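Following: one structure in structure tokens, then a few remarks.
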Number of protein chains: 2
Amino acid sequence: MITVDEARAKLFELAAPTPVEEVALIEAAGRVLARDVAARRDQPPFAASSMDGYAVKTAEVQLHAMFKVIGEAAAGRRFDGHVQAGQAVRIFTGAPMPEGADFVVIQEDINRSGNLITIVNEPGSRDNVRPLGGDFRAGLTVPAPRLLRPNDLALLAAMNIDRVPVHRKPVVALISTGDELVMPGDTPGPDQIIASNTFGLKALFEEVGAEVRMLPIARDNHAALKMAFDLAAGADLVITIGGASVGDHDLVGEVAEALGMERAFYKVLMRPGKPLMAGRLNGAAMIGLPGNPVSAMVCGHVFVVPMIRAILGLGALAPGLKRAELAVDLPANGPREHYMRAEVNEQGWIGVASDQDSSFLTILAGANALLRRPRNDPARAAGEVVEYLPI
Amino acid sequence: MITVDEARAKLFELAAPTPVEEVALIEAAGRVLARDVAARRDQPPFAASSMDGYAVKTAEVQLHAMFKVIGEAAAGRRFDGHVQAGQAVRIFTGAPMPEGADFVVIQEDINRSGNLITIVNEPGSRDNVRPLGGDFRAGLTVPAPRLLRPNDLALLAAMNIDRVPVHRKPVVALISTGDELVMPGDTPGPDQIIASNTFGLKALFEEVGAEVRMLPIARDNHAALKMAFDLAAGADLVITIGGASVGDHDLVGEVAEALGMERAFYKVLMRPGKPLMAGRLNGAAMIGLPGNPVSAMVCGHVFVVPMIRAILGLGALAPGLKRAELAVDLPANGPREHYMRAEVNEQGWIGVASDQDSSFLTILAGANALLRRPRNDPARAAGEVVEYLPI
């Protein structure tokens, strides 16, 4: 058996970034920028007023100074003339500064009478002018890789970027295996249960940017599994759930190897999720997740999400852990890294669920964290700081 | 002017939850559960083995005990007979417990020779049996409202729920206004800039569950704005960006009021984002966001996201703030609540961007937090704990 870190390193070796495609900026939220993009223009493209007021010459700005208003500048409509001594232009936020003016007296500091204005409050030294290129200059790059968030889209739009190069969404094929499974809405036989893992995993993987194909449930026999692998053709990542130990057989492993799978590892020193398998199958990466619902979801968070991020070009990074203070005492951990279903409260304390059974979805749905116990971690007392993965 | 909290309270008054619709579970990630749903079955529906091993009678479990193996039980395939004294059934994880057996000796503790097994390690007292209904009983409810996360979908599937009642996605119509704006990819005139707010806001609102219609840019005149409001018909929430102060006119407000808008408020004691407006227009809620890009995005985070959550049935809640220690000294704040572009690092320290200009998108895209300064907050020293909104 190998450790969690070793297993993740082997998964990253299987994770080839997907090719680059161009998408419209309006559809780019949540995608991963694949190449640096450069601003096509300066922003603002001209010196602009940051306030509503009057544009004048700095040298003439003083309390009680008077000016004649000779025109108006608004956003999108520049004043065409040139501001001379003793002159002012009515100006609004975002408007280009008129030629000859380099200071905006805000309207609250002005008294206006017809076309004459007087500065009636101490105007201060702030010029209320945004310089040309103050936000960015043409050529400024947004560096790749970068997961594009809403604020990034606003910035890219301002740079006049309407299409962006992103990594194609990795296609993940999900194969549930098991004679005991039926789909929700079906009527299960007396020995059967409802397939649940695929629903949780599909949502999880789509959240991080994958396109997920949920394949029909594969029965526990060679022919059914072979057909499932055939249906998964073309996927970047093929994920089976369950079937690692059927009777005394590693059925999924047997069928995958018969189809040419080179196994990278089988079994990991972790709890839950020990019977994790991975390899390379016909150019795609393949992961065999354990069949227990909680084990499958925990492995999804701990292994598959980082792997999808790697395939998206975001690098080979372990999931980001956070720290919280223990609300309870914990006994020493054994030789397997343990991901305990836990809840972090608003005060930043973390408590663990009383039942850590690897099949109980009620516990998992009530959790917002997986508390990570390192291998052979000694007993921990309430108040000690531990690490957790937000879920 | 009213405070941020007062403005948000008025927005919540405008936020009517959308009607309930049913969607397939497989499409329910990120949707908000609108009615409690109850499990249609017990899980597990039978007592089941939690390990691979041999099912026997508890009373017979002791070191060196021998049993005759009379059959096999696997997930989905129950053993049909009855386990008698001295008998064992080979059993695998998830299989129904055979009648007459109530203990599973794990295979690591067994020596097998033909059909005879011997317990060769101290088996302990853990029975390795998951009781019927151990995860949940039929009738257990998942209470509404609840934002459905991946783990919830797994639980609902296990409950044999294939369709869920959710609030319809609120339709948000986004109207950019301004003679100075062109779309990304267009060639701007010398006085023009690129419309950027709508791209960031669309992504932000879709992230929290809205369906966003981006309408054509409306020019700064009554006819263009009236046409834009016409195009927005049917939306649950109509959002304009900019145009609150065009020349000396509140153009958006004038046109909206001519169309029957009842104004709820105009101008908020905040920075950036003072010229925020809201009201009710032909049965829809309407919000007028300021035109400065950063102001618009900040108002999106501080006001519109909580409002969309309220429309989705999640209640009238201010956005959740977190706490971090200041990395720098901050001067006293003025009479407006200030949302400073800031960055929280991995150690939990928060620093503020040096330039807080409300039009600079580079600063916003580099931030991961909005540091909230209350009105008239005194000067703060590095090391003090402050509140921030993650973005």
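Just so it is clear: chains get the letters A, B, ... in the order the sequence lines come, proteins before strands, and each one is counted from 1. In this text, all values refer to a predicted model and were calculated from it rather than measured experimentally.
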Using every non-hydrogen atom in the two residues, find where [X] and [Y] come nearest and quote the distance to one decimal.
X	Y	value
A/A157	B/P184	CB-CG, 3.8 Å
A/A203	B/L153	CB-CD1, 3.8 Å
A/A365	B/L155	CB-CD2, 3.7 Å
B/D186	A/N160	O-ND2, 3.2 Å

Contact part of [X] toward chain A, heavy-atom cut-off under 4.5 Å: side chain, backbone, both or neither?
X	answer
B/I161	backbone
B/T93	side chain
B/A195	backbone
B/D357	side chain

Answer yes or no: is there a side-chain heavy-atom contact under 4.5 Å between [X] and [Y]?
X	Y	value
A/R130	B/F360	yes
A/H301	B/P150	no
B/I194	A/R41	yes

Quick one: salt bridge (charged side-chain N to carboxylate O under 4.0 Å, His left out) partners of A/E206, sequence neighbours excluded? A/K202

Under 4.5 Å from any heavy atom of chain B, what part of [X] do you find: side chain, backbone, both or neither?
X	value
A/R341	neither
A/E27	neither
A/P96	side chain

Quick one: does B/D191's side chain have a donor or acceptor within less than 3.5 Å of a partner on A/R78's backbone? yes

Does B/T362 reach the main-chain N or O of A/D135 with its side chain, forming a donor-acceptor pair under 3.5 Å? yes

Between [atom1] on residue [X] and [atom2] on residue [Y], distance to nearest 0.5 Å:
X	Y	atom1	atom2	answer
A/E180	B/F92	CD	CZ	13.0 Å
B/M183	A/D162	CE	CG	9.5 Å
B/I193	A/D42	CD1	CG	13.0 Å
A/I391	B/R149	CD1	CZ	8.5 Å

For the candidates [options], which exhibits the highest count of non-hydrogen atom pairs separated by less than 4.5 Å from chain B?
options	value
A/A28, A/S359, A/A367, A/G178	A/S359
A/P188, A/A95, A/G30	A/P188
A/D152, A/L25, A/N197	A/L25
A/P44, A/G189, A/G185	A/G185
A/E207, A/M159, A/R323, A/M214	A/E207

side-chain hydrogen bond (donor to acceptor under 3.5 Å, both in side chains) against B/R219, all qualifying residues, sequence neighbours excluded: none

Evaluate B/M297 against A/N151 for side-chain contact (heavy atoms from CB on, under 4.5 Å), listing each step before the verdict. CA-CA 8 Å; B/M297 288 303 289; A/N151 294 339; 2.9 Å; yes

Given the options [options], which has more heavy-atom pairs under 4.5 Å with chain A than any of the others?
options	result
B/N292, B/L181, B/D52, B/L201	B/N292
B/F205, B/F136, B/F46	B/F46
B/G300, B/A48, B/A75	B/A75

For A/R77 and B/D179, run side-chain contact (heavy atoms from CB on, under 4.5 Å): C-alpha distance rounded to whole Å, both residues' side-chain angles, the deciding distance at 0.1 Å, then the answer. CA-CA 8 Å; A/R77 291 191 311 275; B/D179 289 340; 2.6 Å; yes

Pair A/F199-B/L156, side-chain contact (heavy atoms from CB on, under 4.5 Å): steps then yes or no: CA-CA 9 Å; A/F199 287 83; B/L156 288 164; over 6 Å; no

B/E346 atom CD: more than 12 heavy-atom contacts under 6.0 Å: no

